[in-house]
Amino acid sequence: MVGYAHDKEDLLKRLRRAEGQVRGIHRMVEEDTYCIDILTQVSAATKALENVALALLGDHLAHCVAEAAREGGAVADDKIREASAAIARLVRS
């Protein structure tokens, strides 16, 4: 079972919204919309995806990492390294 199972519908709703925003951006470029207006929408879509990422990360920490920590040993070490790498990727993006 994945850690986000209880939030799956909310995550899918957020992703559909972000997908709609990206389609809107595509349409704006096709219609030669003013650059600043497009950038505003890009910022909104980016924020929407960041919120999905943070929700997934929170679920991963609360479920997968916590479960591995209870198990201890190498499994816990691996999950903590994996979570740290994921956090680093999010911070760099």
Side-chain angles (χ1 to χ4, degrees):
M1 178 183 223
V2 293
Y4 60 84
H6 66 284
D7 290 332
K8 185 174 181 177
E9 288 306 314
D10 181 57
L11 289 170
L12 290 171
K13 183 171 69 171
R14 289 174 183 225
L15 287 168
R16 281 190 295 274
R17 192 175 311 128
E19 182 181 17
Q21 287 175 308
V22 171
R23 279 195 307 272
I25 294 165
H26 185 271
R27 188 173 44 255
M28 291 172 82
V29 170
E30 285 182 334
E31 295 171 356
D32 297 324
T33 302
Y34 185 58
C35 300
I36 296 302
D37 294 338
I38 296 171
L39 290 170
T40 299
Q41 291 307 310
V42 168
S43 177
T46 300
K47 188 69 171 170
L49 288 173
E50 286 173 353
N51 287 334
V52 169
L54 290 173
L56 285 168
L57 180 60
D59 286 340
H60 182 67
L61 292 171
H63 182 265
C64 302
V65 175
E67 185 177 308
R70 284 189 291 277
E71 191 174 319
V75 172
D77 293 342
D78 288 345
K79 285 293 180 190
I80 290 169
R81 265 193 302 279
E82 179 184 66
S84 291
I87 292 166
R89 283 192 303 272
L90 284 173
V91 170
R92 282 192 298 266
S93 63

J.: Using the test salt bridge (Lys or Arg N to Asp or Glu O under 4.0 Å), find all partners of R70 that sit at least two apart in sequence or belong to another chain.
T.: none

J.: Minimum heavy-atom separation for A76 to A69, with atom names?
T.: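 Scanning both residues completely, I find the closest heavy atoms to be CB-CA, 3.9 Å.
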
J.: Going by an N to O cut-off under 4.0 Å, is there a salt bridge joining K13 and E9?
T.: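 So K13 does not pair with E9 through a salt bridge.
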
J.: Please identify each residue that fulfils side chain to side chain contact (heavy atoms under 4.5 Å, CB included) with E71, with sequence neighbours left out.
T.: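 V75.
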
J.: Between K79 and E82, does at least one N-O distance fall below 4.0 Å, as a salt bridge requires?
T.: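 Yes, charged N to carboxylate O under 4.0 Å.
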
J.: Can you name the closest pair of heavy atoms from A83 and H60 and give their distance?
T.: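 Looking at all heavy atoms of both residues, the shortest contact is CB-CD2, 4.4 Å.
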
J.: For L15 and E19, run side chain to side chain contact (heavy atoms under 4.5 Å, CB included): C-alpha distance rounded to whole Å, both residues' side-chain angles, the deciding distance at 0.1 Å, then the answer.
T.: CA-CA 6 Å; L15 287 168; E19 182 181 17; over 6 Å; no

J.: Determine yes or no for a side-chain-to-main-chain donor-acceptor pair under 3.5 angstrom, with S84 supplying the side chain and I80 the backbone.
T.: yes

J.: Q21 and A48: which non-hydrogen atoms are nearest, and at how many Å?
T.: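 Heavy atoms of Q21 and A48 come nearest at OE1-CB, 3.5 Å.
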
J.: So that I can tick it off, tell me whether R14 and D10 are bridged by a salt bridge, with the cut-off set at under 4.0 angstrom between side-chain N and carboxylate O.
T.: yes

J.: Could you check if a side-chain atom of V42 sits within less than 4.5 angstrom of a side-chain atom of V22, using non-hydrogen atoms only?
T.: no

J.: Indicate the atoms forming the closest heavy-atom contact of L11 with Y4, along with that distance.
T.: CD1-CB, 3.6 Å

J.: Can you list the residues that meet the salt bridge (Lys or Arg N to Asp or Glu O under 4.0 Å) rule with R27, with sequence neighbours excluded?
T.: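 With neighbours one apart ignored, the set is empty.
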
J.: Of all heavy-atom pairs between L57 and L90, which one has the smallest distance, and what is that distance?
T.: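 Residues L57 and L90, closest heavy atoms: CD2-CD1, 3.9 Å.
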
